[in-house]
Amino acid sequence: MGASKHILVVDGDPDWRKRIAECLEGPQVELRAAASGGEAFDSACLEKPDVIVTELLLPDLSGLGLCRLIRENSSIRQTGLVMVTGYASEIDRILAFEAGVDDFLAKPFFGRELASRVGAVLRRAAPQNGISDPASVPSQGLVRIHAAASAVMVGDRRLELTPREYQLLSALIRHAGRVLTRKQLILRVWGSESEHTDRVVDAHVKSIRRKLAEAKGCVETVRGVGYRFSDSDALSDLD
């Protein structure tokens, strides 16, 4: 996983806390544990973990509530969030991604898969040391993206995006004017082995549009196909 990383494991079940921690142990990993959402939030504010791995059901507030608190806090909103839970219905996944989760894994799981998923979130959240790519070129209009800083600007306002949202919006901007299918977006953002469905893409786009505010029309829906980035004043058929 590169340089030493701080991972916070949150689960009300001590056996699961131990098992998850064992899956993530390593010479360059610093692990902490919390038994409740409140304890986890306090720990996150104090220690600024790189990734939080949380259960959906917690003794106090839900894992969804914890994730929303993390995303609403300016000092820790960029923390990677992975949800590991025995409740893995489609609606649970959608609600989790709408709450800002970067990845979702159902219990029971293979330890190597969990370590791989967490490692991927860590890599996506890592600074790129000024290395640019085609997305570092500003779009022609209100919305501008700067890859070196992993930042998207709407006018003078910087959007507070999760790592997944940033990746998805970056993919659309890189291919401005071109329609990307939901399957193509899943491949670019979650990878070839992802089991995520089209609805996960829709949930992320909904969140991105909310954050774009006055510029939400830039992300256009092409019915039955996917999405297209078009930086213009024309509003499309928004979901």
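These values consider heavy atoms only, across backbone and side chains, with no hydrogens, waters or symmetry-generated copies.
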Taking NZ, NE, NH1 and NH2 as the nitrogens, is one of them in Asp103 or Arg164 under 4.0 Å from a carboxylate oxygen of the other? yes
Rounded to the nearest 0.5 Å, what separation is found between the CG atom of Leu64 and the CG atom of Asp92? 7.5 Å
Distance under 6.0 Å and angle within 45° of the ring axis: does Arg19 meet both against Phe109? yes
How far does NZ of Lys5 sit from CD of Glu30, to the nearest 0.5 angstrom? 12.0 Å
Could you state whether Tyr227 and Leu159 fall into the same hydrophobic cluster, counting links through intermediate Ile, Leu, Val, Met, Phe, Trp or Tyr residues with side-chain heavy atoms under 4.5 angstrom apart? yes
Which atom of Leu24 lies closest to which atom of Ala115, heavy atoms considered: CD2-CA, 3.8 Å
Heavy-atom distance under 4.5 Å between the side chains of Leu172 and Leu185, does that happen here? yes
Using only atom types and a distance under 3.5 Å, with no angle test, would you say the side chain of Glu39 pairs donor to acceptor with the backbone of Ala35? yes
Identify the two heavy atoms, one from Gly63 and one from Thr54, that lie closest to each other, and give their separation to 0.1 Å. CA-OG1, 4.3 Å
Evaluate Arg174 against Arg188 for side-chain contact (heavy atoms from CB on, under 4.5 Å), listing each step before the verdict. CA-CA 12 Å; Arg174 283 192 183 95; Arg188 292 173 186 277; over 6 Å; no
Path from Ile7 to Ile70 over hydrophobic side-chain contacts below 4.5 Å: no
Option from Val10, Leu61, Asp60 for which side-chain contact (heavy atoms from CB on, under 4.5 Å) with Ser36 holds: Asp60
Heavy-atom pair with the smallest gap, counting every atom of Leu66 and Gly37: CD1-O, 3.6 Å
Heavy-atom check, side chain of Leu212 versus side chain of Val154, under 4.5 Å: yes
Might you point out which heavy atoms bring Arg93 and Ala106 nearest each other, and give the distance in Å? NH2-CB, 4.4 Å
How long is the gap from CZ on Arg117 to CG on Leu105, to the nearest 0.5 Å? 5.0 Å
In terms of hydrophobic clusters joined by side-chain contacts under 4.5 Å, are Val201 and Ile91 together? yes
Measure the spacing between CG of Asn73 and CG of Leu69 and express it to the nearest 0.5 Å. 8.5 Å
Could you state whether Val152 and Ile208 fall into the same hydrophobic cluster, counting links through intermediate Ile, Leu, Val, Met, Phe, Trp or Tyr residues with side-chain heavy atoms under 4.5 angstrom apart? yes
Is there a side-chain contact between Val200 and Trp190 (heavy atoms, below 4.5 Å)? yes
According to a 4.5 Å side-chain heavy-atom criterion applied to Ile, Leu, Val, Met, Phe, Trp and Tyr, with indirect links allowed, do Ile52 and Tyr166 form part of one hydrophobic cluster? no
Spatial distance of atom CD (Glu160) from atom CD (Glu72) [nearest 0.5 Å]: 12.5 Å
Name all residues meeting the side-chain contact (heavy atoms from CB on, under 4.5 Å) criterion together with Arg228; count only those two or more places apart in sequence or in a different chain, and write none if there are none. Val179, Glu220, Val222
What verdict does the side-chain contact (heavy atoms from CB on, under 4.5 Å) test give for Val205 and Arg209, after you've listed the backbone C-alpha separation in whole Å, the side-chain angles of each residue and the deciding distance to 0.1 Å? CA-CA 6 Å; Val205 168; Arg209 282 174 169 160; 3.8 Å; yes
Of the non-hydrogen atoms in Leu58 and Gly12, which two are nearest, and what is the gap between them? CD2-N, 4.2 Å
Check: Glu47 and Leu8 side chains under 4.5 Å, non-hydrogen atoms: no
Do Val84 and Trp16 have side chains that approach each other closer than 4.5 Å (heavy atoms only, starting at C-beta)? no
I'd like to check Leu46 versus Arg32 (side-chain heavy atoms, cut-off strictly below 4.5 Å). Are they in contact? no
Please test Arg157 against Glu214 for side-chain contact (heavy atoms from CB on, under 4.5 Å), starting from the C-alpha separation and ending with a verdict. CA-CA 11 Å; Arg157 176 172 63 90; Glu214 72 275 14; 3.6 Å; yes
Pair Leu169-Val219, side-chain contact (heavy atoms from CB on, under 4.5 Å): steps then yes or no: CA-CA 9 Å; Leu169 185 54; Val219 180; 4.2 Å; yes
Any chance the side chains of Ser207 and Arg71 put a donor and an acceptor closer than 3.5 Å? no
What do the steps show when you test Asp11 against Lys107 for salt bridge (charged side-chain N to carboxylate O under 4.0 Å, His left out), and what is the final call? CA-CA 12 Å; Asp11 200 306; Lys107 294 176 179 178; 2.8 Å; yes
A side-chain contact here means heavy atoms from C-beta on lying under 4.5 Å apart; do Ile76 and Lys48 qualify? yes
Are the side chains of Asp102 and Thr162 in contact, using a 4.5 Å heavy-atom criterion? yes
Of all heavy-atom pairs linking Leu81 and Val121, the shortest is N-CG1, 4.4 Å
Atom pair CD1 (Ile186) and CG (Leu180), whose distance is rounded to the nearest 0.5 Å: 12.0 Å
Taking Gln78 for the side chain and Asp50 for the main chain, is one N or O donor matched with an acceptor at less than 3.5 Å? no
